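Single-structure report; data block below.
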Amino acid sequence: MYHNNSNNPQRNPKSKNGLPFDPYKLKRELAPHYIPATDNEIENMLKALGMKRLDDLYAHLSDVHASDEQYTRSPFLSPIEYFQLPEHLQNIASKNKIKTSFIGDGLKHYRTPEIVPIVSNIRGLTTPYTPYQPERSQGTLQGLWIYTSLISALTGFEAINASLYDRATALFEALNTAKKIKANKAKSDSDPVHVLICDSIYPGDKEVLITLAAGTNLHLHFLPLDTQGGVVSPRSAENMITELSANGEQLVAIAFPAVNSLGNLEDVDAFTDLAQKINAISIAIIDPMLISNGGLKPPAIYGSNQQGANIFVGEGQHLALPPSFGGPGLGIFGIRYNEKNRSDIRSTPGRYVGLAKDSQGRPCKTL
């Protein structure tokens, strides 16, 4: 069942095939099937079933269903030998005509750091399942632990979600989190709950918010962009708050970008202070790339007293990947979790990776 021909002229795949690993050193790597089985394993499985041959598995079917004829294969479905596959994929990839992208706003196009492919090829961090599968492994959890720890160090937030779909859906989840935390429990689920959002956010994110909020009791109010200054004035938020208060409406959150869709800096301190003043949740929309290397200040110290925003969201795809037809996205979501606040995290979506010990007292990660 295994291909282990030591006389193979391409025994050194690193030099002849450009592979970042030696498949001969990896169990089952050269097996012809995704989940292969040796003859001995097949024999043991049949023995456990009380059978002697694979054909016995189909003994309950009548002969009319049996056929020894080979199915006609499409030439496009013919199997490719293991060491021919890299060259085949390279030939396909060489047909791409990569152009310089000047499209930003939604997904930034930064240089991919040289360390990315090196880390991505560490087999101990690579597993075949994503975190929401029951088969989540320590490799996945270790990779997520490193990611969340780095984002935490970058932003100053103590709790970082293992990731959401993208920035737009992360923002909607942040609004829902604010509703869970601040909504008046005496009200019914059908009573309106209001949030303020700067209209200077990425238009695509705005479209997602409107779509997801439709049919819910979450009412979105977009604060107008000042066409002269290119930013949203906190004064417009104050006017909207006064209007909602006069009507007895409940406001639970103010969401604002650090850098708006025009590339201008919003007054994050003023919006954070305003949210605190009215006992609402402040939601900052950040670009983690712009915080690093002494750039913009982190959301943990927004506000005139550096009290920080309550929640932050952002897009993280460009941390390691160039834009590719709009995806895949990486929704970053962070919330405070410290001595002053240990309960808000219970209202958040998704998963968090934490340190733990297994049944034998050994250190491990848990999701």
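Note: hydrogens, waters and symmetry copies are ignored here, and every other heavy atom, side chains too, is used. Nothing here was measured: the structure is a model prediction, and the numbers come from that model.
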Do Ile118 and Leu319 belong together in a cluster built from hydrophobic side chains that touch within less than 4.5 Å?
-> no
Atom CD of Glu207: over 12 foreign heavy atoms under 6.0 Å = no
Derivation and outcome, side chain to side chain contact (heavy atoms under 4.5 Å, CB included), residues Val232 and Asn260 | CA-CA 9 Å; Val232 174; Asn260 65 28; over 6 Å; no
Report yes if some heavy atom in the side chain of Ile201 is under 4.5 Å from a heavy atom in the side chain of Leu171; otherwise report no.
-> yes
Heavy-atom pair of closest approach, residues Ile345 and Thr348 | O-OG1, 2.7 Å
How about Val313 and Ile286: do any of their side-chain heavy atoms sit closer than 4.5 Å?
-> no
Residues in salt bridge (charged side-chain N to carboxylate O under 4.0 Å, His left out) contact with Glu43, at least two apart in sequence or another chain = none
Under the side chain to side chain contact (heavy atoms under 4.5 Å, CB included) criterion, do Ile254 and Leu196 qualify, and how do the steps go?
-> CA-CA 5 Å; Ile254 301 177; Leu196 302 185; 4.3 Å; yes
4.5 Å side-chain heavy-atom contact, Ile241 and Leu244 | no
Per side chain to side chain donor-acceptor pair (under 3.5 Å), Asp269 is matched among Lys297, Gln306, Gln307 by Lys297
Flag, side chain of Glu158 to backbone of Tyr337, donor-acceptor distance under 3.5 Å = yes
Distance-only polar pair, side chains of Asn341 and Asn338, donor-acceptor under 3.5 Å = no
Pairwise side-chain contact, Val208 with Tyr165, heavy-atom cut-off 4.5 Å (strictly under) = no
Please identify each residue that fulfils side-chain hydrogen bond (donor to acceptor under 3.5 Å, both in side chains) with Asn293, with sequence neighbours left out.
-> none
What is the distance from atom CZ of Arg351 to atom CG of Leu141, rounded to the nearest 0.5 Å?
-> 11.0 Å
Would a hydrophobic clustering, with Ile, Leu, Val, Met, Phe, Trp and Tyr connected at side-chain separations under 4.5 Å, put Val116 with Trp145?
-> no
Output the distance between atom CD (Glu173) and atom CG (Asn161), rounded to the nearest 0.5 Å.
-> 9.0 Å
Between Tyr82 and Glu29, do the side chains contain an N or O donor and an N or O acceptor separated by less than 3.5 Å?
-> yes
Rounded to the nearest 0.5 angstrom, the CD1-CZ distance for Ile335 and Phe157 is 8.0 Å
Nearest heavy-atom pair of Ser163 and Leu330: which atoms, and what distance?
-> CB-CD1, 3.3 Å
Does any non-hydrogen side-chain atom of Asp199 lie less than 4.5 Å from one of Pro224?
-> no
Shortest non-hydrogen contact between Leu85 and Ile80, atoms and distance = N-CG2, 3.8 Å
According to a 4.5 Å side-chain heavy-atom criterion applied to Ile, Leu, Val, Met, Phe, Trp and Tyr, with indirect links allowed, do Met45 and Tyr58 form part of one hydrophobic cluster?
-> yes
Taking it one step at a time, do Asp56 and Leu46 satisfy side chain to side chain contact (heavy atoms under 4.5 Å, CB included)?
-> CA-CA 9 Å; Asp56 294 342; Leu46 290 174; 5.9 Å; no
Does Gly303 offer a backbone N or O that forms a donor-acceptor pair with the side chain of Gln276 under 3.5 Å?
-> no
Side chain Ser152, main chain Thr148, donor-acceptor under 3.5 Å = no
Looking at Val231 and Leu265, what are the two nearest heavy atoms and their distance?
-> CG1-O, 3.5 Å
Is there a donor-acceptor contact under 3.5 Å from the side chain of Asp166 to the main chain of Gly331?
-> no
Check whether any side-chain heavy atom of Ser200 lies under 4.5 Å from a side-chain heavy atom of Glu266, and answer yes or no.
-> yes
Taking Ser245 for its side chain and Thr242 for its backbone only, find out whether a donor-acceptor pair lies under 3.5 Å.
-> no
Just wondering, do Leu164 and Pro349 contact through their side chains at under 4.5 Å, heavy atoms?
-> yes
Closest approach of Ile332 to Gly316 (non-hydrogen atoms, all atoms of both residues) | CD1-CA, 3.7 Å
Would you say the ring centroid of Tyr352 lies under 6.0 angstrom from that of Tyr147?
-> no
Are there more than 12 heavy atoms of other residues, nucleotides or ligands under 6.0 Å from atom CZ of Arg342?
-> yes
Which class fits the ring pair Phe256 and Phe271: parallel under 30°, tilted 30 to 60°, perpendicular over 60°?
-> parallel
Neighbour count >12 (heavy atoms, 6.0 Å) for atom CG, Leu355 | yes
Residue pairs, two or more places apart or on separate chains, that pass side-chain hydrogen bond (donor to acceptor under 3.5 Å, both in side chains) and touch residues 219-233 = His194-His221
Would you check, one step at a time, whether the test side chain to side chain contact (heavy atoms under 4.5 Å, CB included) holds for Asp287 with Val259?
-> CA-CA 8 Å; Asp287 182 344; Val259 180; 5.8 Å; no
Between Asp344 and Ser347, a side-chain donor and acceptor under 3.5 Å | no
So if you build clusters from Ile, Leu, Val, Met, Phe, Trp, Tyr with side-chain heavy-atom gaps below 4.5 Å, do Val268 and Leu262 land together?
-> yes
Do Asn310 side-chain atoms and Ile283 backbone N/O form a donor-acceptor pair below 3.5 Å?
-> no
Roughly how far apart are Lys47 NZ and Asn40 CG, rounded to 0.5 Å?
-> 10.0 Å
How far apart are the closest heavy atoms of Ile291 and Leu154, and which atoms are they?
-> CG2-O, 3.5 Å
Before accepting this row, confirm whether a basic side-chain N of the pair Glu114/Arg111 lies closer than 4.0 Å to the acidic partner's carboxylate O.
-> yes
Short question: side chain of Glu315, backbone of Gln317 - any donor-acceptor pair under 3.5 Å?
-> yes
Lys182 side, atom NZ; Asn279 side, atom CG - distance, nearest 0.5 Å = 3.5 Å
Say whether Ile285 and Ile301 are linked into one hydrophobic cluster, either directly or through other cluster members, by side-chain heavy-atom distances under 4.5 angstrom.
-> no
Side-chain contact, heavy-atom cut-off 4.5 Å: Ile281 with Thr177?
-> no
Does any N or O in the side chain of Asn217 come within less than 3.5 Å of the main-chain N or O of Asp191, such that one atom is a donor and the other an acceptor?
-> yes
Can you check whether Tyr24's main-chain N or O pairs, donor with acceptor, with Asp22's side chain at less than 3.5 Å?
-> yes
Is a side-chain N or O of Glu41 found less than 3.5 angstrom from the main chain of Thr38, in a donor-acceptor match?
-> yes
Salt bridge present between Asp205 and Arg167 (N-O < 4.0 angstrom) = yes
Run the numbers on Phe172 and Phe333 for ring pair (Phe, Tyr, Trp, His ring centres under 6.0 Å), then give the verdict.
-> CA-CA 11 Å; Phe172 184 73; Phe333 183 104; over 10 Å; no
So CE of Met240 and CG of Leu274: to nearest 0.5 Å the spacing works out to 12.0 Å
